[in-house]
Structure formats: C-alpha cells, structure tokens
*Asks:* 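There's a structure below that I have some questions on.
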Number of protein chains: 2
Amino acid sequence: MDKPVATTRIQKRNVSIISEAALEVFSTYGFRGATVDQIAREAGLSKPNLLYYFPSKEAIHSHLLTTLMDVWLAPLRDLDASGEPLEEVLAYVRRKLELSRQRPRESRLFANEIVQGAPHILELLSTELKDLVDEKAAVIAGWMDAGRLAKAHPYHLIFSIWSLTQHYADFDVQVRAVLGPKVKDPTREAGEYLEVLFTRMLKVD
Amino acid sequence: MDKPVATTRIQKRNVSIISEAALEVFSTYGFRGATVDQIAREAGLSKPNLLYYFPSKEAIHSHLLTTLMDVWLAPLRDLDASGEPLEEVLAYVRRKLELSRQRPRESRLFANEIVQGAPHILELLSTELKDLVDEKAAVIAGWMDAGRLAKAHPYHLIFSIWSLTQHYADFDVQVRAVLGPKVKDPTREAGEYLEVLFTRMLKVD
DNA sequence: GTCTATACTGCGATAGAC
DNA sequence: GTCTATCGCAGTATAGAC
C-alpha cells in the first residue's frame, strides 16, 4: 500500500536514500519512537520534501518491511532438498548468522515489529512466511524419516535457528555488555558455537 | 531513581495497580509508543492522579525495569554448582521457559528495551547481569573441565538458553502464525524440543 | 489525595510560493 | 520538485479547586 512515486532517476535515488535513512531510524527507535524529522535529517532532505516521495510515515515503514521480507527469507529459500542434509542445515545457519552480522538494522526492524505484535505484517507472516516454512519443514522431516538427520521437531528446529542467529543482532548490546569490551566480534564466537550445537543436535550416529 | 511515593496501604495498592497497567502497555507498545493516557485508562485512574504517584512516564518505566530484573535473573541464580550438571542446566532451561510462558509481558518489556539499545538499563547489564553470568559461566566451565558436561562455549551456552526460551514470548505472534491455529500451546512443544536439544548438546558419552 | 482545567511542547501533515 | 510557513492534534506535565 502507498507505494512511493519513483519514475525518474532522481526520484529512484531519493526513494533509496530515504529508505536507507528510515531503516537507520526505525530500527533504532521503533515505529512510534521514530520521527519523520529524524528520518528527513538523516536523509538530508526537508520534511515536506520527504513527504513528497512517501505520503506518510506509515508508508515508509510498510515499504521497508515488505521489500526487506524477500532478503530476509532468501537464506531459507536456498535450503536445497537435494543437498546433503546436515550440511544444508549448517549452511542455512551460516547464511542466517551472516545476515545478522551484515544487516543488524534489518533484523532489529523486524524484531521491533514482531515484539509489538506485528501490526503491519501479520498477514504476511501467516501466508508467505508460513508457506515457505511449511515447505522447508517438510523437506527436513523427509530427511529425518529417511534416517539422514537425527529426529527433532522440524518447525521448532527452524525457530531455533532464527532465534539463535538473530539474537546476535537484536540483543547485541546485551551480548557485548556481558562479554565485556575484550571480545571484539561476538558473532564469530557464535558461529563456532552454533556449528557445534547443530551438529551435535542433528548428526546421526 | 524517582521512586514512587508509597507509604499508606491505598498508595501501595495504587502503585501496584499502576505498575500492572504500565507493564501491559509498555510491553505492547514500547516506551515511546506507550502513552500515559493509555496507562491511566488501563489502571482506572485519571492521568493527573497517576502522575501523583509517579513523577513521570520515565519513572514508571524505570521502576518496572529495575524491580523486574530480580525476577528475571532468579532462574540463573538458582543454578546450583553442587548439583548434577546436565540436570542443573536442563532445570534452568525449564525455569526460563516457564517464565516466558507465565510472564510474556515482562519478557517483551525487556526485549523492547534491549532491541532499542537498552538506553535505560545499559548500566545494569554490564554490572549486575555481567557479574552473575561471569559467576555461572565459571561454574559451567568447571563442569566441562571435569568432564561432566560436553565442552561448549559457556557464555554462548547461556545466551542460547536466553534466546531460545525468550523467543516463545517475544516472537509469539510469529510462532503462532507459522504453526497455525491448530497448535494451541507452542511453548509445550518447545519444552520437549529444547530438552532434546540441550541433552544432545551437553551429554557426555 | 483526587479531581478539572489547562499550559506547553513536539509531531505529522498540508498549503502555497518559487 | 523543493522550499518556508503553519495548521491541528496528541502527548506530558502542572496549577489549583475541592
């Protein structure tokens, strides 16, 4: 809803600048906590000028959430039914953790939205997201039935991958506060830990 | 900071009613998204009357966060160095998951705060929380060194317990959207899954 | 101690000049 | 297509009657 006007090159460029600024602000302060003024300042535009490209604050937010959904789900889409099971799952974990490291703002944007009850994307969750998870959970269940992966609840396996990888983006301040300033790259440690965790969990003896 | 006035019974009762209402509203909308009007309505008081008990919106929020911190850390405090290692960890997971089930609003209150950079409790995280985790991570490391628990990064083990258990409170709408309406109690399924996960992760052969 | 009324601020959005 | 100016509203907090 409320797509931005974007036909000329200048317009496309400004829409992209605004999106970048809005991602920065929304991911830090949440929807209500963010102000259009802040986003405009971050984007280097005046407030009315910004509202020329997007009709409202809500429109910017919606635009971000929907366009980012694809990026967010790509790692799961890439889970390949014809691959080697354990390696496929571990590769998924790696891709997801890499996404948390490289795009923590996107992760926090979603986290803010979902913690508050997903008012803007509830529909997407029970359609697009559910369909994809249904499909991939079936693949994983197939591997388990074939004895190629240790048995476990496939849906909760996927939830645990989301939870553990996104934790290092969403709760970054807490992780750093607990580990102390000496640990420069918590996500690298996390990668090693998660590799061990899911191998022990899923490897067939 | 800014403790509420609470000497008489009526005052104590109202402070408690306000806290309950504020928890409901802050956990749903975050700090900025919540309004004093909403909290007052939820508490059945007029706005000025509410602001007689707490000097400001921020004071209510601080009061909630600091008083709830103890409840939140209790399960980890109860991890007993003289107990049987695997059983102690599993019991911790169970207590934490039970807390997510019974007090999802508290979990979301913290999640909102930390996702947005923990502006109000950063200090607490790097002192009280860090000290407790340091202590318990040492206990776990001791168990691993003694060969009573499979080796793994103790800090990230604790992070993974937080992450996995709180996920079912903080991301409840997403979990339910994906599982569909037929699953009435995702947390019960999660309990079984997590039992398996941490047993396979930590059991010594 | 609790209410009504209100001061004051900051925000989202629009009007209209250029 | 971008600006200045401003409207209208919602929000926090306070003054002062009862």
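Each chain gets a letter, A, B and so on, in the order its sequence line appears, and its residues count up from 1.
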*Asks:* For DNA chain C, determine which residues of residues 18-26 of chain A have any heavy atom closer than 4.0 angstrom to one of its atoms, and list them numerically.
*Replies:* none
*Asks:* Check whether any side-chain N or O of A:N14 sits under 4.0 Å from OP1 or OP2 of D:dG1, and answer yes or no.
*Replies:* no
*Asks:* On the ring face of A:F26, is A:K57 found with NZ or CZ under 6.0 Å from the centre and within 45° of the axis?
*Replies:* no
*Asks:* Among all residues two or more places apart in sequence or in another chain, which pass the side chain to side chain donor-acceptor pair (under 3.5 Å) test with B:E113?
*Replies:* B:H120
*Asks:* Rounding to a whole Å, what distance do you find between B:F54:CZ and D:dT12:C1'?
*Replies:*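 So the CZ-C1' distance, B:F54 to D:dT12, works out to 16 Å.
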*Asks:* Nearest of C:dG12, D:dG11, C:dT2 to any side-chain atom of A:T35?
*Replies:* C:dG12
*Asks:* Could you work out, with salt bridge (Lys or Arg N to Asp or Glu O under 4.0 Å) as the rule, every residue matching B:K47, not counting sequence neighbours?
*Replies:* B:D37
*Asks:* Think B:S46 has a side-chain N or O under 4.0 angstrom from the OP1 or OP2 of C:dT2?
*Replies:* no
*Asks:* Enumerate the ring pair (Phe, Tyr, Trp, His ring centres under 6.0 Å) contacts for residues 70-91 of chain A, please, sequence neighbours excluded, ordered by first and then second residue.
*Replies:*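 Only A:W72-A:F110 qualify under ring pair (Phe, Tyr, Trp, His ring centres under 6.0 Å).
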*Asks:* Figure out the CG/P separation between B:L45 and C:dT2, and round it to whole Å.
*Replies:* 8 Å
*Asks:* Who passes salt bridge (Lys or Arg N to Asp or Glu O under 4.0 Å) against B:E192, sequence neighbours left out?
*Replies:* B:R188
*Asks:* Determine the sole option in A:R94, A:K203, A:R200 for which the salt bridge (charged side-chain N to carboxylate O under 4.0 Å, His left out) test with A:E195 is passed.
*Replies:*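 The single option meeting the salt bridge (charged side-chain N to carboxylate O under 4.0 Å, His left out) with A:E195 is A:R94.
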*Asks:* Considering residues at least two apart in sequence or located in another chain, which fulfil the salt bridge (Lys or Arg N to Asp or Glu O under 4.0 Å) criterion with A:E20?
*Replies:*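 With sequence neighbours excluded, A:E20 shows a salt bridge (Lys or Arg N to Asp or Glu O under 4.0 Å) to A:R105, given in chain and number order.
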*Asks:* Can you tell me the distance, in whole Å, between the CD atom of B:Q38 and the C1' atom of D:dG11?
*Replies:*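 Those two atoms, CD and C1', are 11 Å apart.
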*Asks:* Can you run down the ring pair (Phe, Tyr, Trp, His ring centres under 6.0 Å) pairs that involve residues 169-198 of chain B, sequence neighbours left out, and say none if there aren't any?
*Replies:*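 Found B:H167-B:F171.
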*Asks:* Between P on D:dG1 and CG on A:N49, what's the gap in Å once rounded to a whole number?
*Replies:* 10 Å
*Asks:* For D:dT2, take OP1 and OP2 only and decide whether either is under 4.0 Å from a side-chain N or O of A:Y52.
*Replies:* no
*Asks:* Figure out the CZ/P separation between A:R41 and C:dG10, and round it to whole Å.
*Replies:*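 In whole Å, C:dG10 P and A:R41 CZ are 12 Å from each other.
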*Asks:* What residues, two or more places apart in sequence or in another chain, satisfy salt bridge (Lys or Arg N to Asp or Glu O under 4.0 Å) together with B:K151?
*Replies:*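 B:K151 satisfies salt bridge (Lys or Arg N to Asp or Glu O under 4.0 Å) with B:D145 once adjacent residues are dropped.
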*Asks:* Scan A:A34 against the nucleic acid and name what it touches under 4.0 Å (heavy atoms): base, sugar-phosphate only, or nothing.
*Replies:*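 Result for A:A34 = sugar-phosphate.
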*Asks:* A:F31 has an atom CZ; how far is it from atom C1' of C:dC11, in whole Å?
*Replies:* 12 Å
*Asks:* Side chain of B:R32: nearest nucleotide among C:dC11, D:dT2, C:dC3?
*Replies:* C:dC11
*Asks:* Hey, what are the protein-to-nucleotides 13-18 of chain D N/O distances that come in under 3.5 Å?
*Replies:*
from: D:dA13; atom 1: OP2; to: B:K57; atom 2: N; distance (Å): 3.0

*Asks:* Determine: side-chain N/O of A:Y53 to OP1/OP2 of D:dT2, distance under 4.0 Å, yes or no.
*Replies:*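 Result: yes.
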*Asks:* Rounding to a whole Å, what distance do you find between B:D37:CG and D:dA10:P?
*Replies:*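 After rounding, the reported distance stands at 10 Å.
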